[in-house]
K.L.:
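Could you have a look at this structure, given as structure tokens, before my questions?
FYI, side chains are in, hydrogens and waters are out, and symmetry mates aren't considered; it's all heavy atoms of this structure.
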Amino acid sequence: MCQLLGMNCNVPTDICFSFEGFSARGGKTDHHSDGWGIAFFEGKGCRLFLDEKPSITSPIAELVRCYAIHSTHVIAHIRKATQGEVALHNCHPFRRELWGRYWVFAHNGNLPEFEPENMGFYQAVGNTDSEKAFCMMLETLREQFPEGKPTLDKLYSVLRKVTDKLALLGIFNYLLSDGEHFFAYCSTKLSYIVRQAPFAAAHLIDQDMTVDFREVTTERDRVAVIATTPLTDNEVWTQIQPGELLVFQDGLPLKYAFT
């Protein structure tokens, strides 16, 4: 299976520490070597970096590890191909426009029987089940709310329904964001941690690297990191339960999303 990494925070923050450990899983500490990608929201803008090379050897990944891009919403993905060839057009995250905003999506899993017809406005460029599922999700939202983005309650309700429908077809862990709200759905495996005051030091599992967040944060900072498996070995991560669709905002999961 692929690997997911997400970050949602209340102030623009760089993801260099988490990405250092995460990118090692693309060919060094794990065998996910069929491409990778990462998206950073900056206001309504969105930087997207993709490469079909393994993240551990990709020069673009090295740029991301060294370049402290500050963002409040980040989605990254390391691919192990199940459907579609190893190619740039099949690398996650995928990006589309809806309601005048970019939406970004990354998927970990496999939907072996998913062959949608008449997709409508959104069409897949590559040949993965993941991109087709993303197109279906956005098409459903576009049809339900043609006048523009609804309230979060209404958006969550429709997204919950289409997620449940797709999750019946296979493994469907995903991260989704439009730079305003951040959604995380657990089908089989997904965890998160919220870092806030009082901060402490964290040590990566995949690299011998430690950061003392007391030295690089302020008391008001709050950061949620979401990953397929925990990235650090000296912090307590929360396992998202299978079937849970969480909404993160300002570095916290919204309570109503647990129901």
Side-chain angles (χ1 to χ4, degrees), residues 4-13 39-46 71-75 93-109 111 116 119-122 130 132-169 171-196 220 222-227 238-259:
L4 296 172
L5 170 64
M7 184 181 75
N8 172 257
C9 33
N10 64 342
V11 294
T13 304
F40 301 84
F41 282 94
E42 296 176 63
K44 293 184 70 174
C46 179
S71 173
T72 55
H73 295 69
V74 179
I75 292 178
F94 301 104
R95 182 175 62 182
R96 296 289 193 280
E97 178 275 334
L98 174 64
W99 304 318
R101 301 188 68 93
Y102 287 120
W103 286 76
V104 170
F105 172 85
H107 167 222
N108 163 28
L111 306 176
M119 290 294 293
F121 181 81
Y122 294 101
S130 306
K132 294 172 187 175
F134 179 38
C135 289
M136 177 182 172
M137 293 166 74
L138 291 190
E139 184 67 25
T140 302
L141 293 174
R142 180 174 176 268
E143 291 176 353
Q144 289 291 316
F145 307 108
E147 301 303 318
K149 187 176 181 179
T151 63
L152 179 57
D153 286 343
K154 292 180 179 179
L155 176 62
Y156 181 90
S157 178
V158 173
L159 188 59
R160 171 86 256 187
K161 290 177 183 177
V162 69
T163 295
D164 289 344
K165 181 178 180 180
L166 287 165
L168 292 174
L169 303 177
I171 299 174
F172 194 52
N173 305 289
Y174 74 74
L175 301 178
L176 171 72
S177 181
D178 68 339
E180 183 177 12
H181 297 108
F182 192 107
F183 300 90
Y185 178 74
C186 178
S187 174
T188 55
K189 184 185 293 187
L190 203 59
S191 298
Y192 74 90
I193 188 169
V194 175
R195 296 190 180 114
Q196 57 188 343
R220 69 187 186 92
R222 186 170 57 243
V223 178
V225 178
I226 306 98
T238 299
Q239 173 74 44
I240 303 175
Q241 295 303 305
E244 280 191 317
L245 174 61
L246 304 187
V247 185
F248 288 83
Q249 194 165 20
D250 294 327
L252 283 175
L254 300 184
K255 292 182 178 180
Y256 86 90
F258 287 91
T259 61

K.L.:
For the side-chain contact (heavy atoms from CB on, under 4.5 Å) test, which of Y174, W103, Y122 pairs with F134?
P.N.:
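With F134 as partner, side-chain contact (heavy atoms from CB on, under 4.5 Å) holds for just one option, W103.
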K.L.:
Quick one: does H73's side chain have a donor or acceptor within less than 3.5 Å of a partner on Q249's backbone?
P.N.:
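It does not hold such a pair.
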K.L.:
Are M137 and T140 close enough that some pair of their side-chain heavy atoms sits under 4.5 Å apart?
P.N.:
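M137 vs T140: side chains apart.
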K.L.:
Taking atom NZ of K161 and atom NZ of K165, what is their separation to the nearest 0.5 Å?
P.N.:
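Here the rounded value is 12.0 Å.
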K.L.:
Could you go step by step and tell me if F121 and R96 meet the side chain to side chain contact (heavy atoms under 4.5 Å, CB included) rule?
P.N.:
CA-CA 11 Å; F121 181 81; R96 296 289 193 280; over 6 Å; no
K.L.:
Roughly how far apart are N10 CG and T72 OG1, rounded to 0.5 Å?
P.N.:
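Going from the CG atom of N10 to the OG1 atom of T72 covers 9.5 Å.
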K.L.:
With side chains defined as the heavy atoms from C-beta onward, is the minimum distance between V247 and Y156 less than 4.5 Å?
P.N.:
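Counting from C-beta outward, V247 and Y156 do come under 4.5 Å.
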K.L.:
Are any side-chain N or O atoms of N173 and backbone N or O atoms of T188, one a donor and one an acceptor, separated by less than 3.5 Å?
P.N.:
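Side chain of N173 to backbone of T188, a donor-acceptor pair under 3.5 Å: yes, one is there.
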K.L.:
Any donor-acceptor pair under 3.5 Å linking the side chain of T13 with the backbone of V11?
P.N.:
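Here the side-chain-to-backbone pair exists.
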K.L.:
Can you tell me how far apart CG (L166) and CZ (F172) are? Round to the nearest 0.5 Å.
P.N.:
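It comes to 4.5 Å.
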K.L.:
Sequence neighbours left out, cut at 3.5 Å: what donor-acceptor pairs do the side chains of residues 175-184 make with other protein atoms?
P.N.:
{"unit_1": "S177", "atom_1": "OG", "unit_2": "G179", "atom_2": "N", "d": "3.0"}
{"unit_1": "S177", "atom_1": "OG", "unit_2": "H181", "atom_2": "O", "d": "2.9"}
{"unit_1": "D178", "atom_1": "OD1", "unit_2": "E180", "atom_2": "N", "d": "2.9"}
{"unit_1": "D178", "atom_1": "OD1", "unit_2": "H181", "atom_2": "N", "d": "2.9"}
{"unit_1": "D178", "atom_1": "OD2", "unit_2": "K149", "atom_2": "NZ", "d": "2.4"}
{"unit_1": "E180", "atom_1": "OE1", "unit_2": "K149", "atom_2": "NZ", "d": "2.8"}
{"unit_1": "H181", "atom_1": "ND1", "unit_2": "K149", "atom_2": "NZ", "d": "3.1"}

K.L.:
Nearest 0.5 Å, please: how far is NE2 in H107 from NZ in K132?
P.N.:
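That separation rounds to 13.0 Å.
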K.L.:
Side chain to side chain contact (heavy atoms under 4.5 Å, CB included), that's the test. Do I193 and T238 meet it? Break it down for me.
P.N.:
CA-CA 6 Å; I193 188 169; T238 299; over 6 Å; no
K.L.:
Between N8 (side chain only) and G251 (backbone N and O only), is there a donor and an acceptor less than 3.5 Å apart?
P.N.:
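Yes, the answer is positive, given that a donor and an acceptor are paired below the 3.5 Å cut-off.
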K.L.:
Report the distance from atom CD of E97 to atom CH2 of W99, rounding to the nearest 0.5 Å.
P.N.:
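Rounded to the nearest 0.5 Å, the CD-CH2 separation comes out at 10.5 Å.
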K.L.:
Hey, does the side chain of R95 reach the backbone of C46 with a donor-acceptor pair shorter than 3.5 angstrom?
P.N.:
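Yes: the side chain of R95 pairs with the backbone of C46.
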K.L.:
Per the salt bridge (Lys or Arg N to Asp or Glu O under 4.0 Å) rule, what does the pair list look like for residues 182-193, sequence neighbours excluded?
P.N.:
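For residues 182-193: none.
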K.L.:
For L159 versus L141, what's the shortest heavy-atom pair and its separation?
P.N.:
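Closest approach of L159 to L141: N-CD2, 4.4 Å.
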K.L.:
Evaluate side chain to side chain contact (heavy atoms under 4.5 Å, CB included) for R222 paired with C9, printing each intermediate quantity in order.
P.N.:
CA-CA 6 Å; R222 186 170 57 243; C9 33; over 6 Å; no
K.L.:
Would F105 and L138 count as a side chain to side chain contact (heavy atoms under 4.5 Å, CB included) here? Give the steps.
P.N.:
CA-CA 10 Å; F105 172 85; L138 291 190; over 6 Å; no
K.L.:
Quick one: OH on Y192 to CD on Q239, what's the gap to the nearest 0.5 Å?
P.N.:
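Between Y192 OH and Q239 CD, I get 10.5 Å after rounding to 0.5 Å.
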K.L.:
Please check if the side chain of S71 supplies one atom and the backbone of F40 the other of a donor-acceptor pair under 3.5 Å.
P.N.:
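Absent.
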